[in-house]
Amino acid sequence: MNTRYIFVTGGVTSSLGKGIIAASLAKLLQARGLSVTIQKLDPYINIDPDTLNPYEHGECYVTDDGAVTDLDLGHYERFLSVPTSQANNVTTGRIYQNVINKERRGDYLGKTVQIIPHITDEIKRNIVALGNTKKFDVVITEIGGTVGDIESLPYVEAVRQLKWELGRDCACIHLTYVPYVAAAHELKTKPTQHSVKHLLQNGVQPDILVLRTEHKLDEGVKKKVALFCNVSKDSVIECMDAPTIYEVPLMMHEQQLDVVVMQHLGLPVDGEPVLDRWMSFLGKFKNPKKVVKIALVGKYVELPDAYKSILESFVHAGAANEVKVDVHLIQSEHVTKENVAEKLQDMKGILVAPGFGDRGIEGKILSVQYARENNIPFFGICLGMQCAVIEFARNVLGYEDAHSAEINPRSTHKVVDIMEDQKNITGMGHTMRLGAYPCEIKAGSLAEKIYGSNLISERHRHRYEFNNDFLAEYEQNGMVASGVNPDTKLVEIVEIPSHRFFIAGQFHPELKSTVVNPHKLFVAFVAAASAYDDETK
């Protein structure tokens, strides 16, 4: 079977949810037995989001092969439970870099390098290569931004060319917004019409329209949109706001999006999608037996997208435990010795989040101390683990100036130091320890009990590590290294066996949690918080 290609574009406004629509359609096609992957084309000129501030771009997602990508890839993996790679996120920066490298090598034989055909050819190569590499049945490509943006023009042109080249094996879905004007009591279709007009001016006729709306669309609205936008009425799909993103696949199936797409692509439509495990998850998620309060202590809490994968991991783990996790986002900059108890005393679990730099780090360290001294379930991720190590050195080992070399290079007790292979690196972009690495787990540890294995693999994004010069002293005083990289002996997991539940990892477990396979560390942490809640009632 030829690989089918589906393009998802957006119009009217950003943040309509192209990624969720793409992931929902992919889930439905996967549930019908097709092998599916999703790709994000980002118009920004950065090579990747590795150096972008979370306030600018939200969370950076890291794949097994070390790609630093857009957060939408997290949605793709959470919905499909299929790992993504470098090939699943392509930026304008990478496209131009590849073309310029080819020009320098003389690949173009002295020709003038232009947007068309050289840039558009490189875009098309990246799209088609993903389908050919692993022979997926369907490749869904989401184009970032909105139609009409100057940055998106080369991508739209590449779609135009591919529609002609691929013929029936290609479909274009355009997502727009239908606003409701309260004063007139009317849904307005003009923004959608103008958005489609922009596409048509660039030579692309959408095959299917998905209309985001806060009010149900009547048949008259659908007919009007179909008439003015040159699509059949059956290809106008209503997408109302959903209580949770995980209900969107079901809503899209109700609207027959999967059926319309398969018919357009000439794929046989047999039976119904198999969504038993998805439905089981939703049932538990929507009907929790109780609520458990957990604190997420970080410095980007004003922008929850900076912790998107962590928040979604709590959704998955909450459903697995049949509880609702009530996440309290606590700004670490505002945590002091005087108010730490007030901010955390009602929490049944405390997670200290990842991050970089010194802003808010003392609040994170105080939060670790509060969790350790009050026997409250604790979970640290990346910098959260480093904060746990620093706190233990200061308050148990007695090293008052203990710190990370990143934050205080003058400390006489650098219990967290720069990795050896990072010492001579000066560039910022894509130079950290990135991607999946193995970890050997100590027999009899909490980590072994949670994972049920002695060898695991987790994803990383960091430059600094636990300083093994202090390891013996830590273990003599009650904090043990329960997970170690077998090749470099880098400490990956620390825990305190005498504590109710105290574990921290140098890696990012949130990046591997999915709807049908919630991450075991999150499941165990939420279970411990739930048990602590029962004990303290």
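These numbers come from the heavy atoms of this one structure, side chains and all, not from hydrogens, waters or symmetry mates. Quick note: residue numbers are just sequence positions, from 1.
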With [X], which residues qualify under side-chain hydrogen bond (donor to acceptor under 3.5 Å, both in side chains), at least two apart?
X	result
His519	Glu458
Lys348	Thr536
Glu272	His253

Which heavy-atom pair separates [X] from [Y] by the least distance, and what is that distance?
X	Y	result
Tyr76	Lys40	OH-CB, 3.6 Å
Phe136	Thr3	O-OG1, 2.8 Å
Gly74	Tyr61	CA-CE1, 3.4 Å
Asn517	Ser81	ND2-OG, 4.0 Å
Lys308	Glu59	N-OE2, 3.8 Å
Gly131	Tyr5	CA-OH, 3.6 Å

From [X] atom [atom1] to [Y] atom [atom2], the distance as rounded to the nearest 0.5 Å:
X	Y	atom1	atom2	answer
Asp121	Asn126	CG	CG	11.5 Å
Arg125	Asn98	CZ	CG	6.0 Å
Leu344	Asn339	CG	CG	8.5 Å
Glu247	Met240	CD	CE	12.5 Å
Ile294	Ser530	CD1	OG	9.0 Å
Gln263	Leu265	CD	CG	10.5 Å

[Y] and [X] side chains, donor-acceptor separation under 3.5 Å:
X	Y	result
Gln39	Asn88	no
Asn2	Asp169	yes
His316	Thr514	no

Taking only Lys NZ, Arg NE, NH1 and NH2, and the carboxylate oxygens of Asp or Glu, determine whether [X] and [Y] approach each other closer than 4.0 Å.
X	Y	value
Arg32	Asp270	no
Asp534	Lys290	yes
Glu322	Lys289	yes
Lys18	Asp72	no
Lys124	Glu165	yes

Taking the inter-plane angle between the rings of [X] and [Y] on a 0 to 90° scale, is it parallel (under 30°), tilted (30 to 60°) or perpendicular (over 60°)?
X	Y	result
Tyr300	Tyr307	tilted
Phe79	His75	perpendicular
Phe525	Phe314	tilted

Crowded around Lys324 NZ? As in, over 12 foreign heavy atoms under 6.0 Å?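 Count not over threshold, so no.
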Around atom CD of Gln345, are there more than 12 heavy atoms of other residues, nucleotides or ligands at under 6.0 Å?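 More than 12 within 6.0 Å, yes.
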Under the criterion ring-ring contact (aromatic ring centres under 6.0 Å, His included), I'd like the reasoning laid out for His118 against Tyr96: C-alpha separation, chi angles, the key distance, then a yes or no. CA-CA 9 Å; His118 303 101; Tyr96 275 81; over 10 Å; no
So among Lys364, Lys343, Arg359, which one has a salt bridge (Lys or Arg N to Asp or Glu O under 4.0 Å) with Glu333?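 Exactly one option meets the salt bridge (Lys or Arg N to Asp or Glu O under 4.0 Å) with Glu333, and it is Arg359.
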Side-chain atoms of residues 226-235: list all donor-acceptor pairs with protein atoms under 3.5 Å, sequence neighbours left out, distances to 0.1 Å.
{"unit_1": "Asn230", "atom_1": "ND2", "unit_2": "Gln205", "atom_2": "OE1", "d": "3.3"}
{"unit_1": "Ser232", "atom_1": "OG", "unit_2": "Ser235", "atom_2": "N", "d": "3.4"}
{"unit_1": "Ser232", "atom_1": "OG", "unit_2": "Ser235", "atom_2": "OG", "d": "3.0"}
{"unit_1": "Lys233", "atom_1": "NZ", "unit_2": "Glu219", "atom_2": "OE1", "d": "2.6"}

Identify all side-chain donor-acceptor contacts of residues 145-159 below 3.5 Å with residues at least two apart in sequence or on another chain.
{"unit_1": "Thr146", "atom_1": "OG1", "unit_2": "Asp149", "atom_2": "OD1", "d": "3.1"}
{"unit_1": "Thr146", "atom_1": "OG1", "unit_2": "Asp149", "atom_2": "OD2", "d": "3.1"}
{"unit_1": "Asp149", "atom_1": "OD2", "unit_2": "Thr146", "atom_2": "N", "d": "2.8"}
{"unit_1": "Ser152", "atom_1": "OG", "unit_2": "Gly144", "atom_2": "O", "d": "3.4"}
{"unit_1": "Tyr155", "atom_1": "OH", "unit_2": "Asp42", "atom_2": "O", "d": "3.4"}
{"unit_1": "Tyr155", "atom_1": "OH", "unit_2": "Thr92", "atom_2": "N", "d": "3.0"}
{"unit_1": "Tyr155", "atom_1": "OH", "unit_2": "Thr92", "atom_2": "OG1", "d": "2.9"}
{"unit_1": "Glu157", "atom_1": "OE1", "unit_2": "Arg160", "atom_2": "NE", "d": "3.0"}
{"unit_1": "Glu157", "atom_1": "OE2", "unit_2": "Arg160", "atom_2": "NE", "d": "3.3"}
{"unit_1": "Glu157", "atom_1": "OE2", "unit_2": "Arg160", "atom_2": "NH2", "d": "2.8"}
{"unit_1": "Glu157", "atom_1": "OE2", "unit_2": "Gln161", "atom_2": "NE2", "d": "2.8"}

Those residues that, when tested against Met279, pass side-chain contact (heavy atoms from CB on, under 4.5 Å) (two or more places apart):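 Met279 satisfies side-chain contact (heavy atoms from CB on, under 4.5 Å) with Leu250, Leu275 once adjacent residues are dropped.
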Would you indicate whether the side-chain heavy atoms of Thr213 and Glu238 approach each other to under 4.5 Å?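 The answer is yes; the side chains approach within 4.5 Å.
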Any chance you could lay out the salt bridge (Lys or Arg N to Asp or Glu O under 4.0 Å) test for Asp137 and Arg4, step after step, and finish with the verdict? CA-CA 6 Å; Asp137 297 324; Arg4 270 43 172 209; over 6 Å; no
